[in-house]
Engineer: 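Got a structure here, written out as structure tokens. Questions coming.
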Amino acid sequence: MSSADGVAAGPQPAPSARGGPGLRELAGSRGIVVIGGAGGVGKTTVAASFAAAVAATEPGRVLVLTIDPARRLATSLGVGELGNAETLVGPERWAEAGIRPRGELWAAMLDTRAAWDDLVRRHAPDAGTARAILANRLYANVTSRFAESHPYVASERLHELVEQGGYDLVVVDTPPSRQAIDVIDAPRRMREFFAGRLLRWLIAPATSRLVGLASRPFFVLADRVLGAQFLADVGAFFRLMSTMEDGFVSTADAVETMLRDEARFVVVTTPEPGPAREAATFAAALVERGHRLGAVVLNRAVPDWVTAEPTVHTGVLLATDAEGVAAQVAGAGAAVPAGPLGRVLAEVGRSHRLLLAAAERQDAVEGELAGAGAALVRLAIQPDELTDLGALVRAGRLLG
Amino acid sequence: MLGRRLLFVTGKGGVGKTAVAAALGLCAARAGRNVLVCAQDGRPDLGVAFGAGALGFEPVRVPLDERDAVAGGGLALMTMRTEESLREYVRIHLKIPLVTRLGPLARTLDFVADAAPGVKEILSVGKLAWEVREDHYDLVVVDAPACGDVVGYLDAPAAVEELVHVGMIRHQTEWIREVLVDPACSGVVVVSTPEEMPTTETLELLGALAARPSVPAAAVVANRVLPELFTRAERELFEGVRADAGSWDRLVAATGPGLDAAWRGAELAVALRRRASAHLARLRAGVGDLPVLYAPELDGGDTGLRRTDALATALGDELG
């Protein structure tokens with residue numbers, strides 16, 4: 001995600017012709033923005049850019065909650081191995097970037113294990129149960145292996161920060177998951193987990209379980225396959241977990257309500273077909289489930305100047321007749337050898353042809369994404385990696 | 001590397017690990033080996049890579065081009081489905097006539113597999129190791145979970161041994177582990193791209209694999225490597241022409257006002273290449289003796305089988 005290029009220094013491409021929805025508008029009234037999309041498209045950088053741009057432009061407290069930032073991005077935000085703690089991006093970092101921010105920018109990393117531990121402490125009926133759960137040998141395994149564990153704990157932490165952090169805007173980057181859609185489904189799955197038949201069976205006393213077995217071939221099978229002892233261990237663990245059911249279920253409800261009613265989603269993709277397909281699917285699922293899609297961000301987009309008519313004219317000439325051009329220029333008295341110049345010009349032409357082909361593919365991708373019905377914002381690919389605060393702010397402003 | 005029997009292809013999300021798994025499979029099939037490539041549940045990418053439709057648990061044969069058809073060579077594709085893996089396992093190992101009644105319990109199984117650590121993983125790893133042990137294929141290439149999850153996936157037999165003391169699953173772990181830790185048989189292929197996070201995660205994963213008795217690393221694939229545009233002399237000329245007002249003006253006169261933007265496109269390509277080479281250098285320095293295979297950034301216009309074909313050719317050249 002680090003390698004998200006976004007827009008940084010250098011010649012500033014114009015924002016999308018369709019225009020962004022406006023930073024404030026994008027944030028919505030409750031100021032919750034969830035950044036989603038496939039792996040490797042630059043979600044973390046887009047999240048940081050958006051938060052930094054809002055903090056620079058408007059008064060108020062802005063928090064960016066990132067999942068797994070690249071080292072240099074973490075450094076530029078001033079977060080390192082800080083676990084779940086929120087850190088204020090200090091005045092010296094703003095000074096380095098030559099920006100006087102109107103608001104405050106806070107950053108936090110999500111440490112999923114620590115967040116799970118917090119959840120257990122909060123929802124366990126008493127300190128003894130909490131200790132027993134945290135010390136259970138299945139606990140670490142289970143929390144790290146639930147497919148939905150990371151998306152869930154991220155959205156739960158978001159909810160907590162929104163409720164208690166006193167922020168005007170919270171921007172959250174979503175964790176790696178099998179599918180982007182896991183993020184919005186996580187609260188429902190967590191609820192189903194506690195309501196599930198098997199959990200009931202696992203935590204039932206052994207005697208009643210045996211009675212039920214006769215009619216439930218699957219459980220006979222589970223017993224044969226996994227072994228009674230293991231099932232008993234799992235049962236003991238989930239008996240502990242089930243003491244937290246009320247807390248978990250009500251929180252999952254609140255998280256789901258928050259995501260549906262209050263959060264704005266920003267879906268990030270690159271112009272490649274794979275990530276774009278996942279973005280389109282995710283966007284459609286959001287709309288279908290009644291979530292608000294604030295914008296679709298096309299990261300590492302082909303810059304606008306590639307397709308400008310004069311560029312295309314020159315590019316085609318260089319790609320087709322570099323030698324002729326070189327001979328003409330060298331003959332006109334330029335102090336350059338025609339042969340090497342021809343090769344350089346041919347390479348310039350070839351570079352342009354590749355960019356032009358990429359622009360055509362991007363057009364097709366944009367057509368697919370237009371179906372989402374949200375503003376499409378292009379962040380053009382840049383030569384430099386986007387790491388310092390100034391570059392983040394410049395990129396983030398293009399989102400508005 | 002393709003002489004092994006079981007290859008797990010992993011990498012950070014978005015680096016093209018499915019494409020590499022597909023290409024390695026095609027490469028080995030061209031070399032006359034009978035290959036199975038297995039995708040993760042629910043991901044359509046592997047089918048797309050061969051222009052095939054949706055894949056199921058039951059392997060489907062991919063017809064090879066005439067030029068690729070070598071005696072003994074063959075390619076089959078499947079996708080992992082935990083429930084069907086359990087169904088097959090039950091049929092083969094338990095001989096319990098419950099099989100038909102498993103269907104409606106898929107969600108419950110999903111639950112128990114999630115709740116019981118390592119079960120889902122061992123049903124996947126175990127199935128693939130079994131295909132190797134039974135000599136159904138010369139080579140099984142697995143499009144494995146991403147970097148962050150692959151260690152847990154490969155360590156599932158050990159985790160199950162630790163947590164489960166009796167039961168049928170427990171009895172299977174020993175031979176599965178033997179298959180996995182044998183460097184002559186199994187290996188992990190880590191796919192990376194010349195970018196910061198993929199490089200960092202690749203090196204971290206190699207460290208994690210080396211630190212435990214797990215599947216040994218077999219190779220790193222540096223994917224999407226950008227070509228060098230210029231020789232050193234050409235590069236100096238490229239920069240010199242831009243800096244010299246006289247040459248530049250003549251060039252603009254010959255090619256039109258779009259030259260500035262066209263030049264900027266090449267500058268962008270040069271800068272991206274330079275940025276990538278710093279990450280490649282870090283990758284090379286970090287991998288030690290492990291072979292690094294370079295795969296070029298492919299023409300974005302190629303899709304499906306053409307793309308897989310191009311990548312397989314590139315990897316084949318690297319493998320020699």
Engineer: Would you give the length of the straight line joining atom OG1 of B:Thr231 to atom CD of A:Glu347, rounded to the nearest 0.5 angstrom?
Structural biologist: 10.0 Å
Engineer: If the contact rule is any heavy atom under 4.5 Å from chain B, which residues of residues 348-355 of chain A qualify, in numerical order?
Structural biologist: A:Val348, A:Arg350, A:Ser351, A:Leu355
Engineer: If you tally heavy-atom pairs under 4.5 Å against chain A, which of B:Ala266, B:Gly14, B:Ala269 wins?
Structural biologist: B:Ala266
Engineer: For B:Ala254, is it the side chain, the backbone, both or neither that has a heavy atom under 4.5 Å from a heavy atom of chain A?
Structural biologist: both
Engineer: Counting only heavy atoms not in B:Glu88 (residues, nucleotides, ligands), do more than 12 fall under 6.0 Å from its CD?
Structural biologist: yes
Engineer: Using non-hydrogen atoms and a 4.5 Å limit, figure out which bit of A:Pro275 sits close to chain B: side chain, backbone, both or neither.
Structural biologist: neither
Engineer: Answer with side chain, backbone, both or neither: which region of A:Glu360 has an atom nearer than 4.5 Å to a non-hydrogen atom of chain B?
Structural biologist: neither
Engineer: What part of B:Val241 is in contact with chain A, defined as an atom under 4.5 angstrom from a non-hydrogen atom: side chain, backbone, both or neither?
Structural biologist: side chain
Engineer: Relative to chain A, which segment of B:Phe238 carries a heavy atom at a distance below 4.5 Å: side chain, backbone, both, or neither?
Structural biologist: both
Engineer: With respect to A:Pro383, which candidate in B:Leu272, B:Leu268, B:Val270 satisfies the side chain to side chain contact (heavy atoms under 4.5 Å, CB included) definition?
Structural biologist: B:Leu268
Engineer: Check step by step if side chain to side chain contact (heavy atoms under 4.5 Å, CB included) holds for B:Leu251 and A:Leu345.
Structural biologist: CA-CA 10 Å; B:Leu251 209 47; A:Leu345 295 180; 3.9 Å; yes
Engineer: So, does A:Thr314 use its side chain to make a donor-acceptor pair with the main chain of B:Thr255 at under 3.5 Å?
Structural biologist: yes
Engineer: Say you draw a straight line from CG of B:Leu229 to CZ of A:Arg343; how long is it, rounded to the nearest 0.5 Å?
Structural biologist: 14.0 Å
Engineer: Can you tell which part of B:Thr200 gets under 4.5 Å to a heavy atom of chain A, answering side chain, backbone, both or neither?
Structural biologist: neither
